[in-house]
Student: 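Here it is, the structure in full.
Not measured: the values here are computed from a predicted model. Just so it is clear, the values below take in all heavy atoms, side chains as well, and ignore hydrogens, waters and symmetry mates.
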Amino acid sequence: MGKLHEDKKKHILHLYFEELMAPEEIAEKMGLSMRTVTGVLSDRKLLEPFKRRSEAAKLRAQICVNETAEEAVRKQAELMRAQETAHSVTQRAAMDILDRAGVRVPKEEKKDIRITFAAGMPKIGMPKRGGETQ
């Protein structure tokens with residue numbers, strides 16, 4: 001890999017990250033061995049600019065989501081108050097934005113409910129085998 005010219009290394013990175021080509025395709029297209037291509041793609045020094053750009057893009061996306069989270073909450077509340085089913089898609093989108101922003105409503109805990117009747121079991125109106133009601 002040391003003999004490979006810097007322009008070819010940059011071209012390999014361009015094909016991989018921007019043209020979304022597989023390493024096998026890059027090796028075939030450029031007439032290089034797989035070892036050379038994977039060596040370039042695993043060189044931390046060459047990958048650093050792509051890593052920084054990727055992290056910056058993720059940060060910008062998170063900022064955008066965080067800024068729209070409050071708007072999503074208000075829209076969801078408005079839709080819930082209006083009880084309009086025609087806006088179910090919009091409501092799901094608002095909920096998705098909230099989910100992506102990390103805002104989650106805690107789920108209710110399920111608890112058993114026990115009912116005790118002081119005067120015994122009331123009639124439930126179910127027929128017995130003979131046709132009488134209980």
Side-chain angles (χ1 to χ4, degrees):
M1 190 174 76
K3 297 178 184 178
L4 200 59
H5 194 270
E6 289 298 317
D7 288 341
K8 281 196 174 187
K9 291 178 184 179
K10 288 179 183 177
H11 189 61
I12 290 170
L13 293 170
H14 169 78
L15 291 175
Y16 184 75
F17 286 108
E18 298 182 27
E19 300 293 326
L20 305 176
M21 289 181 73
E24 297 83 13
E25 294 174 308
I26 296 169
E28 186 179 326
K29 179 178 180 170
M30 295 184 68
L32 300 170
S33 70
M34 272 299 294
R35 183 177 177 161
T36 302
V37 172
T38 55
V40 170
L41 294 175
S42 61
D43 186 337
R44 291 179 188 260
K45 190 168 71 172
L46 293 172
L47 295 176
E48 191 60 36
F50 291 95
K51 182 180 175 186
R52 282 195 306 266
R53 281 195 293 196
S54 175
E55 289 170 355
K58 287 179 191 175
L59 183 59
R60 286 192 306 270
Q62 187 62 48
I63 290 169
C64 182
V65 168
N66 290 344
E67 287 176 349
T68 58
E70 185 177 351
E71 181 183 338
V73 170
R74 292 180 192 285
K75 181 66 174 177
Q76 185 179 27
E78 176 186 320
L79 290 170
M80 288 173 61
R81 274 188 234 111
Q83 295 181 353
E84 294 179 19
T85 57
H87 294 292
S88 63
V89 173
T90 308
Q91 185 175 11
R92 281 191 215 113
M95 288 170 49
D96 185 56
I97 291 169
L98 291 171
D99 185 52
R100 291 176 191 277
V103 179
R104 290 181 180 81
V105 177
K107 293 183 179 180
E108 291 183 26
E109 292 183 29
K110 294 183 179 180
K111 295 181 182 178
D112 291 336
I113 299 173
R114 181 174 293 200
I115 300 173
T116 307
F117 296 98
M121 188 70 162
K123 289 188 176 186
I124 54 176
M126 298 295 290
K128 291 184 178 179
R129 289 185 186 183
E132 293 180 24
T133 57
Q134 221 177 4

Student: Which value, rounded to the nearest 0.5 Å, describes the distance between Lys9 atom NZ and Leu13 atom CG?
Tutor: 9.5 Å
Student: State, yes or no, whether a side-chain contact exists between Tyr16 and Leu47 at a heavy-atom distance under 4.5 Å.
Tutor: no
Student: Taking side-chain contact (heavy atoms from CB on, under 4.5 Å) as the definition, give me every residue that meets it alongside Ile63, ordered by chain and number, with sequence neighbours left out.
Tutor: Leu59, Glu67
Student: Could you pull out the closest heavy-atom pair between Ile12 and Ile26, with the gap in Å?
Tutor: O-CD1, 3.8 Å
Student: What residues form a side-chain contact (heavy atoms from CB on, under 4.5 Å) with Lys51, not counting sequence neighbours?
Tutor: Glu48, Glu55
Student: List in chain and number order the residues that pass side-chain contact (heavy atoms from CB on, under 4.5 Å) with Lys8, two or more places apart in sequence or in another chain; answer none if no residue qualifies.
Tutor: Leu4, Met30
Student: Which atoms form the tightest heavy-atom contact between Ala27 and Met34, and what is the distance?
Tutor: CB-SD, 4.0 Å
Student: Restricting to pairs with a member in residues 17-34, which pass side chain to side chain donor-acceptor pair (under 3.5 Å), not counting sequence neighbours?
Tutor: His14-Glu18, His14-Glu19, Ser33-Thr36
